[in-house]
Amino acid sequence: MNPIELRKDFPIFEEKINGHPLVYLDSAATSQKPRQVLDVLKRYYEHENSNVHRGVHTLGTRATESYEQAREKVATFIHAPSANQVVFTRGTTESLNMIAYGYARTRFQAGDEIVLPPSEHHSNLIPWQQVARATGASIKYLPLQPDGTIRLEDVEATVTEKTKLVTIAHVSNVLGTINPVKEIAEIAHRHGAIMVVDGAQSVPHMPIDVVELDCDFLAFSGHKMCGPTGIGVLYGKKELFEQMEPTYFGGEMIDVVELYESTWKEAPWKFEGGTPIIAGAIGLGAAVDYLSAIGLDAVAEHDAKLANLAMERLQAIDGIDVYGPQAGVHRGGLVTFNLRGVHPHDVATVLDTQGVAVRAGHHCAQPLMRILGVGSTARASFYLYNTEDDVEHLVEALQQAKEFFGHAIG
Ligand code: PLP
């Protein structure tokens, strides 16, 4: 894998940002899009645009074939046993909410428990709060180690026969921690609970095999994996999709509609009410082709190598606090840090003047920020188009920021 060659696929790198070449270190928020995906979107609108599953005309057939082929590609990508286990959604947030509304809210009751760590993205935390409010079920949080990792013995101690659902991010969007989802799924299943995996930060960056992980549901977003915005995936086990209720009712998802009651199609179509995100799904199919051609093992190794390098380089700068697993620990491709005494928004603004794009804020993880004892942090995240030079640019820009804010650091 050669990131310098791969960069040429991404037109955005021709942009100059404040007079500098773009150093894009915010792929955990959203990734850039290669020409191979942009071209497929253009081709779809120019040569296939039509609604799916309804028209018998040629364009309708073309669009339907491309849309369903994209589902096959995504299924192969995550090793789902059947394409019918892949539902197209708007993204991770929608996928997780669909499980909460269509599965948990109709099943859980007072006395039931939902287990998760307090480090989750709000998208994998608030839906469960809402389920708890609506059903009387309660939430139990897994203890976090100081570096943000979870100990399996704590999972064993927290999950009981009362637990109905265990959920966790495969890779933390704040700390880069890679959580042992396979082992956690095994504990959940032993107690009769289902396992929901937030794959927003793992599916784009490492090979995923849902059968091997034995998760019951997996949620992820297309825009973080070279695909368009507005498309995501909910994978589910067949029997759970059979039990789960649709969240959206209307066109496309029905079998027979009577005046006072109706029946639904089978999964995945019963979950895709209304005109689906046709171009988005086809674009995601192209993104999957693109990533598969590179190889997810190579992407994982590359991203982790850059994150480790960044970790080492940042830890060596006086005045910078780095959070999460330390250098050398197997991690996802991101590093979270603060320049002591300076608000991360100010750090990110100074970095931006040098063309370096990092994320600053609470990263949709306010409870985790409280545990870390900070209001917010800066985060540099890496993907297949980043290079070691990008890490050096980050370090140089941070040195400049440090000088700029020297008075604040004291
Ligand atoms: N979960 C994690 C771990 C994330 O990093 C994100 C996005 O940053 C989400 C969920 C939500 O993804 P989306 O905004 O695409 O729905």
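Numbering of ligands and ligand atoms starts at 1, following listing order. Throughout, numbering of the chain's residues begins at 1 and tracks the sequence.
Per-residue contacts place Ser221 under 4.0 angstrom from the following atoms of ligand 1 (heavy atoms of the residue considered): 12 (O), 13 (P), 15 (O), 16 (O). Those atoms of ligand 1 with a heavy atom of Ser123 less than 4.0 angstrom away are 10 (C), 11 (C).
For the atom pair CZ of Phe13 and CD1 of Ile4, the computed distance is 12.0 Å after rounding to the nearest 0.5 Å.
Taking a 4.0 Å cut-off on heavy atoms, His223 registers as neighbouring ligand 1. Assignment of Lys224 to the shell around ligand 1 is supported, since a heavy atom sits closer than 4.0 Å.
For the pair Arg107 and Tyr103, the cation-pi criterion (under 6.0 Å, within 45° of the ring axis) is fulfilled.
Taking the six-membered ring for Trp, His53 and Tyr67 have ring centres closer than 6.0 Å. A distance below 6.0 Å separates the ring centres of His122 and His362.
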Using the rule given for side chain to side chain contact (heavy atoms under 4.5 Å, CB included), can you reason through Leu384 versus Leu291, listing the C-alpha separation, both sets of side-chain angles and the distance that settles it, and then say yes or no?
CA-CA 9 Å; Leu384 45 93; Leu291 291 174; 3.5 Å; yes

Trace of the salt bridge (charged side-chain N to carboxylate O under 4.0 Å, His left out) decision for Lys237 with Asp216:
CA-CA 5 Å; Lys237 281 190 182 158; Asp216 297 287; 3.1 Å; yes

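Under the 3.5 Å distance criterion, the side-chain polar atoms of Gln85 are matched with a main-chain donor or acceptor of Ser82.
Residue contacts with ligand 1 for Arg90 are absent, since no atom lies close enough (heavy atoms, distance under 4.0 Å).
Where the criterion is an N or O separation shorter than 3.5 Å, residue side chain and backbone included, Glu94 fails it with respect to ligand 1.
The single protein non-hydrogen atom nearest to atom 4 (C) of ligand 1 is His121 CD2, 3.3 Å, given as residue, atom name and distance. Looking only at protein heavy atoms, the nearest one to atom 3 (C) of ligand 1 is Asp198 OD2, 3.4 Å. Here the heavy atom of the protein found nearest to atom 5 (O) of ligand 1 is Gln201 NE2, 2.7 Å.
Selection from Thr93, Thr30, Asn97, Val174 by nearest heavy atom to atom 16 (O) of ligand 1 gives Thr93.
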